[in-house]
Participant: 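First, the structure itself, so that you have it in front of you.
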Amino acid sequence: MTMAVREAGTAAATRPRHIVCEGNEAAALAVAMVRPDMLSVYPITPQSSLVEHLAKLCADGRMDAEIVDAEGEHSVLSVLQGAALAGGRTFTATCGPGLAFMFEPYWRTPGLRLPIVMALVTRDGITPQSVWGGHQDAMTVREAGWIQMYCETVQEVLDTTIMAFRIAEHRDVMLPVNVCLDGNYLSYGAARVTLPDQAGVDAFMGERNINWHAALDPLRPMAVDPLTGGSGGKGPAAFLRYRKGQCRGMQNALRVITEVHDEYAARFGRAFAPLVERYRMDDAEIALVTLGSMTGAAKDAVDEARAAGRRVGIVKIKTFSPFPVEALAQALAGVGAIGVVDRSVGFRWNCGPVFQELLGVLYRLGRPVPAASFIGGLAGADLTVEHFHAVIARTAALLGGDVPDGPIWVNEND
Amino acid sequence: MSARRAYPMRDPAADGVPADLCPIATALNPMQPGDWRSLRPVVDRDKCVKCAVCWLYCPVQCVVERPAWFDIDLATCKGCGICATECPHRAITMIEEVAG
Amino acid sequence: CPTGALRYVTTARIYNEVGDWEDLFAPGLAGCQGCNSELVMRHALRRVGPDTVLATPPGCVPGMGSVGYNGLTGTKVPVFHPLLTNTAAMLAGVKRQYKRVGRDITAMAIAGDGGASDVGFQSLSGAAERGEEILFLVIDNEGYMNTGMQRSSCTPYGAWTSTTPVGRETKGKSQDAKNLPLLMVGHRCAYVATASTAFMQDFYDKLDKAIAASKHGFAYLHVYSPCTTGWRFPTERNIAVARTAVETNFVMLWEFTPHDGLHFTHPIESPRPVADYLKAMGRFRHLTDDQIGHIQAKVEENRAVITQIAAGAAAR
Amino acid sequence: MMAAGLLAAGLVAEGKYAVAIPSFGFERRGAPVVAFVRADEREIRRMTNITHPDCVLCIDPTVGRSVDIFAGMRPGGTLVQTSGRALAELTLPAGLRTVGLIDAVRIAMEIFRRPITNTLMLGALARTTGIVSLAALEQALAQSEFRDAGLDQNIAALGRGYRETQIHHLDREVAA
């Protein structure tokens, strides 16, 4: 439901346009502004309203795009691969089981260097059967080679979705991007957002050239993705060359994501931390590491803890893939204890996946920093300010040497 | 009949495409499978009426037209023998390849 | 025609029309000696022409090098390895994008029966339902020949494959083949036809109709394709085996459009016994009389089903 | 959630910040659902459910039978309730300071011929709490998906909800 609002007594055209919309609609509105060629959709909770908004925008003539109602997520992404190889700017959205069904074309997309943008409305994994939010789906595919950026607010969903196309299509990157928005809290949560002006977005996006590197175009014949590899001849070295190139694109993305965020802020006046956000970290003794929409409540809790004299800050990860190792190491350089809050489970290490990644950053710090893995917000559970107070208190206890030997389950006693 | 010919392939490097970006190929495989053969088709020019049945059924399309008969391009002929079997005028016989 | 004169005329007609059109595959592809798939795809792509985007899902077609290896391609038009599972969806994306920008191309798949009838069936069915403007050609060699001759849902009853071996307990495949072209009729595609390389004029006619239909809807062409390696018969017998399949009604040649319904294009009024076909290849060598009887009954049942559909069309 | 979104839009129309979060259940016609709205003069950061509401807006006269709609409510809170009954007949928790009452189902039957109370109750909320103006809600409605006759009906419902709500200040009545 769009609730466009004009400022009373002013001309709408001269003021930023505020609307109230849910995160799923914010993503759809952003997609309309980048003027995509092809959308392919299949509904799944909690993503469904996003594709309904896309369909409505097309039906109302507010977006000139082909929309393919495919028979499943596997075909959804396959349609987009074909369209991208034919030069189209493409978008889709999915979550949880849909992502799992999409996996075969999903983990192929980065290798084809196709700049497809996909909203990942995160959802916890079945089984237990669940239709509610959680990061388990996104975390499960974190080695598939997609760029993944997690949004904190509905406004950030809108702005990041626009930026995602620029990042994906950058010639030094050429990788698909997941804009991750938390199922339920961001997908259906409605908030005030400001829309950028269309002319500004057009100028920001520039000219499109999606398939300059690999095309299915009769006028430019080529074989796309011939067999590469084997155990002799030029194959193995060629395979390695492409893999290294893919890794290089991911590393380039760290720079490009930053540049694009800077340019977006300069043009539209809204600045978001591109890789990691430092919140009240200047003299912080302990740091919380957060991801996604939980961060707002964490910030409120930190403000209250600060008022009570606790030197605590937050390092929020926005860009999770590529993992911002250096930015995180810098952000955490001075702290004495770290509490990482995950909205999913890492089965192999008995800790949260973000915590597990952070262990690698701690190695870079060159000194042992006590850290704890908190796991909460699974399957739609709320992560409240009160929960974060408990996280802050437990993290502070690390300073005294009380380091837990397993994860701390946040909602266990809700 | 230019409309029925393939468009030329371009060199991606000349178009500014890095060699490590995406696996593509724009050079045609030069493989010549003629050395697979153990039997070779021989066309009896007197019997050949240029009916093109051999051309029609040749899987590798190695049958080439000469002024008065159809011949075999031995660089690509794999020696399957379909042409000899299907020739309505028994103008093709398969003979054993000899080494060298 | 006992003298072969009719063949002579039609063959010359095809040659005169398309003989100087470029073969759009590399001269050297690594298909088996006497490979019928190679024959089908060379003729089909030559006829469809260079303004084509070709998708060849994993199987014999790319396996012989159509999409190429290590930086070399086997095809002169843009060609792509889709997944085994997503050929029709991926081609739909290609075609829709070109249609959006006003360019006329033919989006063509050359797929195997496994990738079409088994794991790729969902995307095939979805694309057909949406009426995607694609020419989808299936080379039906009745199994997964590229990976070592395993059974597919198109493998006929009784056939030996590497996953339906002949042993003490079982003797070849114990289920009948899925009738994929008939399923596509159920999708009311713009055009559906079956073809055989033993009847080239019929095949070329159907290619022409399929190309035309693919400009406004989903065109499906199912070509029965004997596999000398997987079916175990001498390479030079390939066309003869294909011909016998039709003459025994093991394979029936027909076409369908929503407007005209289904009709036979090469009806066989007095079919030879199916045993004549079965004995032509090694994969059926073990069959018992009961199994041959089952296959003969199945041929007649298929014939009856399709005849009934054709009769319904004729009555309209 | 429709009503929550409209309320948030009305709040934003007045220059405020607002966040509306639906409950994450299976929304089925007739089933109990809950949605949360926060409003503030500055940006709202927490995207969480509300466990201690200042105000409860109950748009169904019977939902209180299956759900404790007052759970977590702080003393001094406000209830806006649709009911055909008088205040004295309602079972209300201690500590409630303000109650806005309206027989929204009856009015909805007159306007929509169906018991759709959403916009009526938004009018009642505006009247009872004053956190949002009727004009701002009308503006939000006009920018919503409602068109033509549907829009006119909802504007009418909003107005009647606003005008026909009876406000009871419990402290004063108790003191009097």
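What you see is a predicted model, and the numbers here were worked out from it, not measured in a lab. Heavy-atom basis, side chains included; hydrogens, waters and symmetry copies ignored. Chain identifiers are assigned alphabetically (A, B, ...) following the order of the sequence lines, protein sequences preceding nucleic acid strands; residue numbering begins at 1 within each chain.
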Participant: So which of A:Gly111, A:Ala223, A:Ala215 has the biggest tally of heavy-atom pairs under 4.5 Å with chain B?
Facilitator: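 Max contact count across the listed options: A:Ala223.
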Participant: Using the six-membered ring wherever Trp is involved, compare the ring planes of A:Tyr150 and A:Phe320 and label them parallel, tilted or perpendicular (cut-offs 30° and 60°).
Facilitator: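 Ring orientation, 0 to 90° scale: perpendicular.
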Participant: Pick from B:Ile24, B:Val17, B:Leu28: which one has the most heavy-atom pairs with chain A under 4.5 Å?
Facilitator: B:Ile24
Participant: Taking side chain as everything from C-beta outward and backbone as N, CA, C, O, which of these in B:Ala27 sits under 4.5 Å from a heavy atom of chain A? Side chain, backbone, both or neither.
Facilitator: neither
Participant: Under 6.0 Å from the ring centre and within 45 degrees of the ring axis: does the NZ or CZ of A:Arg166 meet both conditions for the six-membered ring of A:Phe204?
Facilitator: yes
Participant: No hydrogens needed, just list the donor-acceptor pairs between chain A and chain B under 3.5 Å.
Facilitator:
residue: A:Arg113; atom: NH1; partner: B:Leu21; partner atom: O; Å: 3.4
residue: A:Ala223; atom: N; partner: B:Ala25; partner atom: O; Å: 2.9
residue: A:Ala223; atom: O; partner: B:Ala25; partner atom: N; Å: 2.9
residue: A:Asp225; atom: N; partner: B:Pro23; partner atom: O; Å: 2.7
residue: A:Arg241; atom: NE; partner: B:Ala19; partner atom: O; Å: 2.9
residue: A:Arg241; atom: NH2; partner: B:Ala19; partner atom: O; Å: 3.4
residue: A:Arg248; atom: NE; partner: B:Asp20; partner atom: OD2; Å: 3.2
residue: A:Arg248; atom: NH2; partner: B:Asp20; partner atom: OD1; Å: 3.2
residue: A:Arg248; atom: NH2; partner: B:Asp20; partner atom: OD2; Å: 3.0

Participant: Quick one, A:Phe101 with A:His74, criterion ring pair (Phe, Tyr, Trp, His ring centres under 6.0 Å). Give me CA distance, side-chain angles, the key distance, then yes/no.
Facilitator: CA-CA 6 Å; A:Phe101 182 42; A:His74 191 284; 5.6 Å; yes
Participant: Find the distance between CD1 (B:Ile82) and SG (B:Cys87) and round it off to the nearest 0.5 Å.
Facilitator: 13.5 Å
Participant: So which residue, B:Pro18, B:Gly16, B:Ala19, B:Pro8, ends up with the most heavy-atom pairs under 4.5 Å with chain A?
Facilitator: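 Looking at each of B:Pro18, B:Gly16, B:Ala19, B:Pro8 in turn, B:Ala19 comes out on top.
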Participant: With A:Ala327, which residues qualify under side chain to side chain contact (heavy atoms under 4.5 Å, CB included), at least two apart?
Facilitator: A:Leu275, A:Val276, A:Pro324
Participant: Can you give me the closest heavy-atom contact between A:Gln47 and A:Val51, atom names plus distance?
Facilitator: NE2-CG1, 3.3 Å
Participant: Please report the shortest heavy-atom distance between B:Val43 and B:Cys48, naming the atom on each side.
Facilitator: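 Between these two residues, the closest heavy atoms are CG1-CB, 4.1 Å.
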Participant: Could you pull out the closest heavy-atom pair between A:Thr122 and A:Ala138, with the gap in Å?
Facilitator: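 Taking A:Thr122 first and A:Ala138 second, the nearest heavy atoms are CG2-CB, 4.1 Å.
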